[in-house]
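Presented below is the structure to which this report refers.
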Amino acid sequence: MSAIDQLFADLRAAGRKAFMPFITAGDPDLDFTADVLRTLVERGSSMCELGIPYSDPIADGPVIQASYTRALEQGIKLRDIFGMLERLTPELPAPVVTMVSYAIVYRRGPERYVAAARAAGIAGAIVPDLPADEAQALADACRREGLSLIQLITPNTPRDRALRIAEQTTGFIYYVSVAGITGERTELPPEIAENVAWLREQTPLPVCIGFGISRPEHVQALAPVADGLIVGSAIVRRIAEASHKPREQVLRDIAEYVDTLLAAMR
Amino acid sequence: MPILPDASGRFGTFGGRYVPETLVGALDELAEQYAEACADPAFQAELDSLLWHYVGRPSPLYHAERLSEQCGGARIYLKREDLNHTGAHKINNTLGQALLTRRMGKHRVIAETGAGQHGVATATACARFGLECIVYMGAEDIRRQRPNVFSMKLLGAEVRPVTSGSRTLRDAINEAMRDWMASVGTTHYCLGSVVGPHPFPQIVRDFQAVIGREARRQCLDQLGRLPDVVVACVGGGSNAAGIFYPFLDDAGVKLLGVEAGGRSGAPGDHAAPLCFGSPGVLHGSFSYVMQDDDGQTADVHSISAGLDYPGTGPEHSYWKDIGRVEYTQATDAEVLTAFDRLARCEGILPALESSHAVAKAMDLAARLPADQVVVVNLSGRGDKDAAEIARLRGEEAGGLGEQERTEATERGKLR
Ligand SMILES: Cc1ncc(COP(=O)(O)O)c(C=O)c1O
């Protein structure tokens, strides 16, 4: 059983939901990324999603784009990110999955990328620009190495296609709350609950919701219908403040924010 | 040659569809609607009529006698896409896509533009069909192609400056894609070149192939034979694909694509992925691209906004690998020389993009015997570039009066 399967089995047994923050690797540097990951897990995050900075992220809104740019301006390389994770993951009591463009995976080669990710202690990959139709080579490599390949289903995915995507997915299904790019939103579409409920009837896989979630009221509304919630831009925005605030302060702000959302989840 | 792309949108190993799930449905719909349109004689008839009466097709195949004489070798013929309505080949594609937009029942169109020619052509087609039009354009390109920015606005389009990244074509495509992620239900993305996810490389090639079909027929009619060489500039590669495609099976016709050689062959100094790049994924497609060893897109440079792009069309990557088309590059300096030559001895101001093809055609013609024929795709007119060339001249070498030179230098500093 993979680390992610185990996590969701435990959560389901306990009747709890996963809280999954997203942050960008190397924003503003990898030491701080490690500190943020530790803080997120200490406060009770079940899993962390780490964005591998990419030069042309078409699924991302301004906040995450800017964080990728900051990280790349520091000259961050994939091997540095994997190096940091190799040291950090053994002491981190929660799985880490990466959000990574297929441009980066392809450049390494799917086999080599997956092997290196496993060696760094990474539990899964989310590849937002790799639709299921193109994912076979990576899915095969992931299966051989035991890396979960988390695939995305969106509000405009037809239901028969959603079932095919679910069949190819391991770890959990990432249900994208809105047709659009990442970024905080005040309101989320009302049909999320129905779509996620339908999905959870069709597949034994956990279904987690991401994109746009940022407020306690979102968490309150969506936690009951899903297996987990993903929160990105709202945290990345706080990390951006490290440019003009003491890092200790930023970590405290993040902890406080996470506490608020976790309280809304219970 | 096999008929490509295959059902998965591949040209050999190149192409495909590397996009977020959110866009897959719209791409499927576009591919379906396009297939239906191809099978519908009324669609083709309407497009043909527009190309004839509105664009002014067929564009002439013009024997550039004085240019040929000066080069001292083969005869050079220009396929005059610069004479099309809106001044470039881009209109061939945007009218086709506007008809598809209407078929799909969509009312809003977005586009990216580099040189502004595709933006103007999209704004024009949208005005003609009563569609809302939004054009994303890099801030650097807005600066260097200003005349086209005004035209787009006059045509009723909204021009949205893109200030992220290199502030050029690549970033404009990123922004257009992001818009499309949120608007895909109601909006058509009118991509301007043979790049991006399937079916765009196929659709744009097919709409541009009218250039090659005409040129081939004109060669037979005017010269009684096929040309020896066909030369075109390659940014994303639409004008090149359009003129090459109908000649692919003519084994005796050599095809030459000219990329932006920029300042030099050093990384960051050029925009020539087919000459210097490697296969990778960018903007939804697998193709040659300028990238670093992590797969991050590399910075590129070209004097011409329309070629200032780190990627290229997947079908060009395929043609390169099977050896059907040869790809080379022309430097900024060679391009300016070619621009001057064509202006002075033929009275034609070519676009800086097209001047890349002219530069290599001149080199080639000089080395070929007089009975050979070189056809150049003159993809667009150069009015949009006049001010930028003056600015560059002011900085570099004079040619302007003292006062203009000072002004031009000041403007250069301001950027
Ligand atoms: C006149 C002209 N030629 C060529 C190009 C390059 O595009 P493509 O390679 O798709 O023909 C452009 C693009 O803006 C253009 O305006």
Side-chain angles (χ1 to χ4, degrees), chain A residues 52-62 65-66 68-69 71-72 75-81 100-109 113 126-136 151-158 161-162 165 173-176 178-183 185 211-212, chain B residues 7-10 13 15-29 162-166 170-187 189 196-198 278-287 289-299 310-311:
Chain A
I52 308 291
Y54 175 51
S55 53
D56 298 85
I58 57 175
D60 282 304
Q65 275 177 54
Y68 281 0
T69 305
L72 289 173
I76 188 125
K77 299 297 261 182
L78 190 59
R79 66 168 177 278
D80 304 328
I81 299 171
V100 58
S101 167
Y102 195 65
I104 294 170
V105 175
Y106 175 82
R107 185 64 164 156
R108 225 12 77 115
Y113 180 88
I126 306 167
V127 191
D129 51 4
L130 188 71
D133 327 80
E134 302 280 4
Q136 200 55 53
Q151 307 221 40
L152 299 96
I153 291 176
T154 61
N156 60 7
T157 306
R161 180 174 166 85
I165 295 173
I173 290 171
Y174 192 134
Y175 182 81
V176 177
V178 288
I181 54 180
T182 58
R185 286 172 174 78
F211 278 45
Chain B
S8 60
R10 298 271 168 181
T13 57
R17 198 183 263 181
Y18 297 93
V19 294
E21 172 65 17
T22 302
L23 298 181
V24 169
L27 294 169
D28 279 340
E29 184 196 7
V162 177
T163 53
S164 55
S166 54
R170 156 191 165 198
D171 310 283
I173 297 181
N174 286 338
E175 266 327 292
M177 292 257 196
R178 290 179 191 126
D179 180 316
W180 208 28
M181 288 279 289
S183 62
V184 67
T186 56
T187 297
Y189 180 15
H198 175 67
S278 51
V281 173
L282 176 65
H283 292 149
S285 155
F286 176 57
S287 192
V289 59
M290 296 309 306
Q291 57 185 338
D292 73 5
D293 46 340
D294 268 359
Q296 309 288 353
T297 311
D299 285 335

**Prompt:** Taking all non-hydrogen atoms of both residues, which atom of B/V281 and which atom of A/Y102 are closest, and how far apart?
**Reply:** CG2-CD2, 4.0 Å
**Complete:** Whatever's closer than 4.5 Å to a heavy atom in chain A on B/D292 counts as both
**Complete:** So, the part of A/Y54 with a heavy atom under 4.5 Å from chain B: the answer is both
**Request:** Could you tell me whether a side-chain N or O of A/D129 sits under 3.5 Å from a main-chain N or O of B/Y18, the two making a donor and an acceptor?
**Result:** no
**Request:** Answer yes or no: is there a donor N or O on one side and an acceptor on the other, between the side chain of B/D294 and the main chain of A/K77, under 3.5 Å?
**Result:** no
**Item:** Contact class of A/Q65 relative to chain B, heavy atoms under 4.5 angstrom
**Value:** side chain
**Message:** Tell me the closest heavy-atom pair linking B/N174 and A/S55, and the distance in Å.
**Reply:** ND2-O, 4.5 Å
**Request:** Measure distances from B/S278 to the heavy atoms of chain A and classify the residue's part below 4.5 Å as side chain, backbone, both or neither.
**Result:** side chain
**Asked** Do the side chain of A/R107 and the main chain of B/Q296 share a donor and acceptor less than 3.5 angstrom apart?
**Response** no
**Item:** Leading residue by heavy atom contact count with chain B [cutoff under 4.5 Å; candidates A/T154, A/L78, A/I181]
**Value:** A/T154
**Complete:** Between A/G180 and B/T22, the two heavy atoms sitting closest are N-CG2, 4.1 Å
**Request:** Heavy-atom distances under 4.5 Å only: say whether B/P197 touches chain A with side chain, backbone, both or neither.
**Result:** neither
**Item:** Contact check, side chains of B/R178 and A/P57, non-hydrogen atoms, under 4.5 Å
**Value:** yes
**Request:** Output the option from B/M177, B/Q291, B/E175 having the highest count of non-hydrogen pairs under 4.5 Å with chain A.
**Result:** B/Q291
**Partner chain B: residue of A/D133, A/T69, A/L72, A/V127 with the largest heavy-atom pair count (under 4.5 Å)** = A/L72
**Asked** Can you name the closest pair of heavy atoms from A/I58 and B/P20 and give their distance?
**Response** CD1-CD, 3.8 Å
**Item:** B/E21 (side chain) donor-acceptor with A/I153 (main chain) under 3.5 angstrom
**Value:** no
**Request:** Write down the atom of A/D56, the atom of B/R170, and the distance for their closest heavy-atom approach.
**Result:** OD2-NE, 2.7 Å
